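Atoms considered below: every heavy atom in the structure, side chains included; atoms not considered: hydrogens, waters and symmetry mates. In this text, all values refer to a predicted model and were calculated from it rather than measured experimentally. A, B, ... follow the sequence lines: proteins, then strands. Residue 1 opens every chain.
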Protein chains: 2
Amino acid sequence: MFEKLLNLEPKRREEIINAALKEFAAKGFDDASTNVIAKEAGISKSLMFHYVNNKKDFFLFLYEYCLEIIKKEYFYLVDLSEKDIFERLRQTYMLKVKVLKKYPWIFDFTKVVVFTDSEAVKNELDERRKNLDEYSLLNFYGDIDISKFRENLDVEKSKQLIYWAIGGYANQILEEMRSDENYKADYEKIGIEFNGYLNELRKSFYK
Amino acid sequence: MFEKLLNLEPKRREEIINAALKEFAAKGFDDASTNVIAKEAGISKSLMFHYVNNKKDFFLFLYEYCLEIIKKEYFYLVDLSEKDIFERLRQTYMLKVKVLKKYPWIFDFTKVVVFTDSEAVKNELDERRKNLDEYSLLNFYGDIDISKFRENLDVEKSKQLIYWAIGGYANQILEEMRSDENYKADYEKIGIEFNGYLNELRKSFYK
DNA sequence: ACAAAATTGACCTATTAGGTTAATGAAATT
DNA sequence: AATTTCATTAACCTAATAGGTCAATTTTGT
């Protein structure tokens, strides 16, 4: 059904997909405009509808497409045998950055999908959402080693604070990536900076 | 110009203002719909236009109105003589929660105003924005006491992490407030929980 | 030179945009 | 009780935009 879109040369395809993800993520299904998507993708609306037959199917296609990507380039690659919270964070966020470099709106899009209540797509989404459950269940951050935390700390609170703090750093990176059109994601540099922050947290929360 | 709106009984006025703040915050000036605002406020569109003469003036009015509130109920109330970072955070965020209880979208709205590039309101906003500069300059978190931090820490990084972490907690409170229609903001309870998190940070980052 | 594929401008109908107007319903004044 | 005033709305206006189609053109491969 979407072979035409999928057979495009990768760069082109990603431009179109990213334009759609951005618009849908920003405005939700109902308020997103196919005109805006086409313009952002740099093609005519007619050509877009040559690739995607209609708005609703496009939206649903994107959802499945994104789930596949998130699974293959994120979920499946996390090494769950690593029990150190900071190592786990390092791993997951570096993977996340890599995915976001290619698809800057992918996580916002899936978030919008989760919270959408648009009548037009609600039913179709409900069927598809089941697939996600198994993955949200396997919590990335549940099974970690708490033996290294300082003994006077409330570990649950501390973990939460650490996630929030790192989430803040990730958001900053994300904003940089989005504001710079040709942001050259220097993973090594990001990795070093990230390590800097993780080290502060290690010094603070570990004995 | 907006006496009619301002002379309404407070509850009613706030309903209308909050409906508008929510819609403008969510969609920006251009994409926000006056129909949606009226519906969310629970009044007819005609009545709304009886209060506010037009969309643009309403938007600009809201901006000034919000700045006033933020100044009077937030900026001016912060005790800048308190130099302990955690006390300062406690103070500012408790004030923020109080403001957000009354106007749950006020900070999102001002954020949208800052980043809007709508031709329709750009020029008018530019004039008004100057007023804000003086306040953004006086940085709430610049002048704090760093002597109590553990000596092996990079204080700048640590401060940043603390802000991110507390920002995460604040977002959680905010989401609770918004999801619960009749959220009874129990400041005492929030204060206690907040203190819990601040204490973990104190134990971690202070010697 | 020609067939096939890629691409677009012009167009269709339905809906929504911001906003006005005349009429109604309720309160206040005489 | 009659009348003036204020609060409130339904119906309506025009312009723009929505999703989507289609015939025509441009580009590509042979």
What is the nucleic acid contact for A/A32, judged by heavy atoms within less than 4.0 Å: base, sugar-phosphate only, or nothing?
sugar-phosphate
5' precedence on DNA chain C between A/K45 and A/Y51 (nearest-nucleotide basis)
A/Y51
Here the distance between atom P of D/dA7 and atom CZ of B/R12, to the nearest Å, is 10 Å
Any idea which of C/dT7, D/dG20, D/dT8 is nearest the B/S44 side chain?
D/dT8
Take atom CD1 of B/I37 and atom P of C/dG19, then tell me their distance rounded to the nearest Å.
11 Å
Base D/dG19 to side chain A/S33, donor-acceptor N/O within 3.5 Å cut-off:
no
When the distance from CG of A/L47 to C1' of C/dT8 is rounded to whole Å, what number comes out?
8 Å
Is it true that B/R178 and B/E175 have a side-chain N and a carboxylate O under 4.0 angstrom from each other?
no
Taken to the nearest whole Å, NE2/B/H50 to P/C/dT20 is 13 Å
Can you find an N or O donor on one side and an acceptor on the other, under 3.5 Å apart, linking the side chain of B/S46 with the base of D/dA10?
yes
Is B/E68 salt-bridged to B/K72, cutoff N-O under 4.0 Å?
yes
When the distance from CG of A/N54 to P of D/dC22 is rounded to whole Å, what number comes out?
14 Å
Output the rounded distance in Å from CD (B/E9) to P (D/dT8).
9 Å
Salt-bridge criterion met for B/K27 and B/E23 (N-O under 4.0 Å):
yes
Between CD of B/E23 and P of C/dT16 the distance, given in whole Å, is 14 Å
Judged by each residue's nearest nucleotide on DNA chain D, which is more toward the 5′ side, B/L8 or A/K55?
B/L8
Does NZ or CZ of B/K157 lie under 6.0 Å from the centre of the six-membered ring of A/Y197, at an angle within 45° of the ring axis?
yes
In whole Å, what is the span from the CG atom of A/D31 to the P atom of D/dT17?
15 Å
Determine the interplanar angle of the A/Y169 and A/F194 rings, folded into 0 to 90°, and report it as parallel if under 30°, tilted if 30 to 60°, perpendicular if over 60°.
parallel
